[in-house]
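Excluded from the calculations below are hydrogen atoms, water molecules and symmetry mates; all remaining heavy atoms, backbone and side chain alike, are included. Order of the sequence lines sets the chain letters (A, B, ...), proteins ahead of strands, with each chain counted from 1. These numbers come from a predicted model, not from an experiment.
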Amino acid sequence: MSNEPNQPFASDQASPSSCRSIDGQGLKDLVEAGMSWLKVNQQIVNELNVFPVPDGDTGTNMLLTMQAAYNEIAPSHEKNAGKMAHAIAQGALMGARGNSGVILSQIWRGFARALDNLDEMDADLFVRAIAEAKNTAYKGVVRPVEGTILTVVKDSAAAAEKARSETDDLILLLEKVVEGADISVKHTPELLPVLKQAGVVDSGGKGFFFILEGMLRYLKGLPLESSTIVQPLSMMQLDKAVEEIEPGQEVEVVIDFRPHTDLNLENFYNDLSEMGTSIQVGEGDGMYRMHIHVTNERRFDPINYVMGLGTWSKIAMENLVAQMEEQTAGAKAAPKLELTQVEEGQVGIVAISPGAGLSRVFASLGAAAIVEGGQTMNPSTEEILSACDSLPTDKIIILPNNKNIILAAQNAVSVSPKKLAVIPSRSIPQGVSALFRYAPDADFDDLVSEMNSALTDVLSGEVTIATRTVEINGVNVREGEVIALLDGKLVASRSQLDDACIELLEKAGAEDKELITMFYGNNIHKDEVNRIAGLIRDRYPSHEIEIKEGGQPHYQFIIAIE
Amino acid sequence: MSDSNNPLGNIFVSYRAIATVAYQSALSSYGVVGLAAKNLAEGLVQVLVKDPTLGVEVHFADKAIQIDLYIIIEYGTRIKMVASSVSESVKYQVEKTFGLPVTEVNVHVRGLRISNPD
């Protein structure tokens, strides 16, 4: 950006804070400003995607289109505003990416047409140009969809038209246009139901808003580029910051606040960096969240500083040193995983496990390597491969233990130079059951078929909490209820955990079985586990009931019935 | 074509139903200002009857749908981009509506409309 953002134009300036007309070079600066500001906010626009297909990465596409437009005019010394606008439109057309990019190029095309080959753009011409931009954009489609960038352009043009009677200063005019665009963007979910469902505003419209806002910021002399990164609140990963603790920075301070005026991020970052390290700032809907590590003595500095900027809503402070010690102690307290050692020529087992307790179960039964993963965190083919590579043997059997992981495991088989086989275990009980047949010195093919046949010996039950209200397999489920699944099929939904477990066992025909093994998850208390185990023992007195710590997330119980 | 995975019987979907969805989706894609008749004979018929599936051909093979679109694009847009986004949105919309995979969307650009010569 220019080094003197406060003095953008030489032509016709009454004062630095007003601007009556813009020439070709001024237009070039505006395009650069719009592009820079879009670049800063690219991720925010990208985040707004709702369709899996029709609109790829809107922010990136619009930015690439703007960059193509700017590249076209960057070397130009053209003073004529109209000719410059035509060059911009040409660049945007050639570089248009994605649907939103095509629309953006049409907007520039209309804008350029209105400017014709006039030397300068004044307020009247600007109003006409943005109206023409709207018309051209709308002509590009038979059935315009409202609630998109098209609507935002239309509302911006209307705002310009309305503001024209009040001022002939381009800065004030653009201010009104940006305001109109902002309101329009926020209104898009009312016009397009798919946006409302996804809880987002239209991405293309938002991108267009950022381009306009960038131009306005430039005219006002506000910064457009900074080393500062503002991320959407949802993307802040504060738990990771704990690992980055630096000596001397003992206190973590997180403050949510709403600034009184527009936050100058560059100054904000500079001021914060004088206080401490690990600075992160997130923004969402006008709220900011800042995160910093400071020394014990300075722990109130960030709070006092933020109170001067705006109204705080939440302040959290943590002692990092104590927290670190707790974590290290926790790591030490957990029993070490004792994996089975395999030698060259033997068959090794790689098991995928969703929890620490289950990992120990698998290790004790003969697994030589464990890959962490489960229902909501499927391990990649690479992770499975590297576990296989780490073993000294080249005959390896993989137990995916989840139907979503079987495919990744099979992919590993097809790319590895080692002799691998997947036992398609769809659940933890199946995996455990298969592992019971494992013998390290057995013939590979015999072992594979032996373990495969074990899969059908066991019924797998899972007990968890319903995350939404739904009806499946004729079972009515309400959000928050305890649901039981038998071999992946929903069989019961109850308000109480014990009822759900008992109904699950009934549905599984546990009466005719002998062994019930229950792996309890990390979300249930040991006392509750013992109480439910007691109930089940009373009900099935002649059965063998085993209780093991599974440590898996989400599922209160994983139950093997054999 | 039919979907036989239904326990109560078969579901039959006509080519025309699929073509209608593709047609509507193509028309609301940005840059597409119309669909064109594939050939002269079809063009003549079009003069007599307003067809909601004009310029769309649907084929069905190997449990998947193939679509041919004959479109007119606004002059001054990047044709390659418009063509690829219309094929993406038609594929998305048809798959979403019918739950059958669309393996091919062939876009034939039959002409350009010049609404604003500059």
Checklist outcome for this item: Bottom line for B:S87: the part with an atom under 4.5 Å from chain A's heavy atoms is neither
Item to check | Under 4.5 Å from a heavy atom of chain A, the part of B:V32 involved | outcome: backbone
Hey, could you give me the [atom1]/[atom2] distance between [X] and [Y], rounded to the nearest 0.5 Å?
| X | Y | atom1 | atom2 | answer |
| --- | --- | --- | --- | --- |
| B:Y30 | A:T148 | OH | OG1 | 9.5 Å |
| B:R78 | A:Q106 | CZ | CD | 13.0 Å |
| B:Q24 | A:R143 | CD | CZ | 4.5 Å |

Next on the checklist: For B:R110, I'd like to know if atom CZ has over 12 heavy atoms of other residues, nucleotides or ligands within 6.0 Å.
Outcome noted: yes
Next on the checklist: Could you report the tightest heavy-atom contact between B:L27 and A:V141, atom names first, then the distance?
Outcome noted: O-CG2, 3.5 Å
Item to check | Where A:N99 and B:S85 come nearest, the two heavy atoms and their spacing | outcome: OD1-OG, 3.7 Å
Checklist entry - Using non-hydrogen atoms only, which part of A:A137 is less than 4.5 Å away from chain B: side chain, backbone, both, or neither? => result both
Item to check | Under 4.5 Å from any heavy atom of chain B - which part of A:V102 | outcome: both
